Protein chains: 2
Amino acid sequence: MRADAQRNRDRIVEVARALFRAKGFDAVSMDEVAKGAEVGPGTLYRHFPTKESLYDAVLEAWAEKVNAAVDRALSLDASAREQLLTWLTDYAAMLTEHKGAAARITAALGDPGSPFAAKCTTYVNANQRLIDGLDSALRPGVEAMQISRLVGGMAAVADNSELPAESVASMLAIVADGLLAP
Amino acid sequence: MRADAQRNRDRIVEVARALFRAKGFDAVSMDEVAKGAEVGPGTLYRHFPTKESLYDAVLEAWAEKVNAAVDRALSLDASAREQLLTWLTDYAAMLTEHKGAAARITAALGDPGSPFAAKCTTYVNANQRLIDGLDSALRPGVEAMQISRLVGGMAAVADNSELPAESVASMLAIVADGLLAP
DNA sequence: TGCCAAACGGAGAGTGTCTCCGTATAGTTC
DNA sequence: GAACTATACGGAGACACTCTCCGTTTGGCA
């Protein structure tokens, strides 16, 4: 890639990250990103053919934090319930870090054609590792995709309604108790 | 209201209901509704100043079914768990009856300025009646708004991903067990 | 320095929401 | 049943947004 192209690409992602985080996916227009990055719309679309692909690039670095969080929860010297709650809370917090991200990623779960498919796989795999780690403490038959959807749904609601952390925590506690073996 | 205006209004709502149900909120354009109802865009917007207000009118009749469903669940001669599951399943099914409705209504929970505020109140009240009816079988301190958000979130996920009923049921079972007293 | 593939950027096509305002008509009054 | 007026109609178009085409510019190499 030519140096000017690389510079422009970096600046676009940087501007887009700030805008998406502040205003949410829908409220940011591509023109706005182009103007902010001081490029023409044509240039923006050369780098990112769709708005989704731009969003995907913005979320790139961020997906790696998920695996770190599941490791952290599993390494805690605590009860299975506390480990589970720690993970769910971290997970929901990461999902709501960007406004609108939770709903978008959760909607893409199980859709291989989605531009966020890679991110979804990361999430589902993290939940699978959690299930393997917590082993028999969980309700028999619980699946990684179920946890992904349950927490993704909660995160989306929390994000949309801008719920305070304690409201999210109490809902996650309900989900966690439901996930633990009876 | 003049007779021709009433006729047009009725036809608009009827056409919009069919379109929204089939294609979901976002995929239906106002022009499409206007053409289907054989009126001009101006006429459509005279009756419904925003797309949301049209959606609200479409959902009008449908909100009444919620109270009937909670009565049905509470009158069942069954365990608290079965009553709860019956209600949650009905509730989620009603939310997903119109594509996109669950996410939209759940997002409006707790926002008095939303065009769907009246529908939200109906849902939260129904859950409150459930809590009162099930009494001590539920986890102490559980609130109607929490149940509304939990199930609304699940319904939104189910709706978005077009999940089969059994997938929804297994997630609702987890939520239900979390809601029941430990 | 000159070349040219790569990149740029703006005009504009296509689609959507919503408005303005001249025209048509329902319903009343004589 | 004719005239009148408040009410409603409907289409042209303003405005915003995503995305494309293509003439122009420029980075990097020989």
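Labels below follow one simple rule: chain letters A, B, ... track the order of the sequence lines, proteins then strands, and each chain is numbered from 1. As the structure is a computational prediction, the values presented were derived from the model and not from experiment.
Between B:Tyr45 and C:dT19 there is no side-chain N or O to OP1 or OP2 distance below 4.0 Å. Between A:Asn8 and the phosphate of C:dA7, there is no side-chain N or O to OP1/OP2 separation shorter than 4.0 Å. Proximity of B:Thr43 to the phosphate of D:dA8: no side-chain N or O atom is located under 4.0 Å from OP1 or OP2.
To the nearest angstrom, C1' of C:dT28 lies 15 Å from CG of B:Asp4. The distance between atom CZ of B:Arg9 and atom P of D:dC9, rounded to the nearest whole Å, is 12 Å. Residue B:Lys51 contributes atom NZ, which lies 15 Å from atom P of C:dT19 at whole-angstrom precision. Look at CE on A:Met30: it is 18 Å from P on D:dA16, rounded to the nearest Å. What separates CZ of B:Arg11 from C1' of D:dC9 is a distance of 12 Å, to the nearest Å. Between B:Ile12 atom CD1 and D:dA8 atom P the separation is 12 Å, expressed in whole Å. Atoms CG (A:Leu44) and C1' (D:dC21) sit 16 Å apart, rounded to a whole Å. D:dC9 atom P lies 17 Å from atom NZ of B:Lys35, rounded to whole Å.
Place A:His47 and B:Met1 on DNA chain C by their nearest nucleotides, and A:His47 ends up nearer the 5' end.
Looking at A:Asp26 and A:Arg104, a side-chain N of the basic residue comes within less than 4.0 Å of a carboxylate O on the acidic one, giving a salt bridge. Between B:Asp177 and B:Arg81, at least one side-chain N (NZ, or NE/NH1/NH2) sits under 4.0 Å from a carboxylate O, which counts as a salt bridge.
Across all strands, A:Val33 comes closer than 4.0 Å to no nucleic acid atom at all (heavy-atom distances).
Nearest to the side-chain atoms of A:Arg46 among the listed nucleotides D:dC9, C:dC18, C:dC8 stands C:dC8. The side chain of A:Ala3 sits closest to D:dG28 out of D:dG28, C:dG16, C:dA7.
More than 12 heavy atoms of other residues, nucleotides or ligands shown are found within 6.0 angstrom of CD on A:Glu32.
When ring centroids are compared, A:Tyr123 and A:Tyr91 come within the 6.0 Å threshold.
In this model, no side-chain donor or acceptor of A:Arg2 finds a partner on the base of C:dA7 within 3.5 Å.
Panel note: side chain A:Lys51, backbone A:Val28; a donor-acceptor pair is recorded below 3.5 Å.
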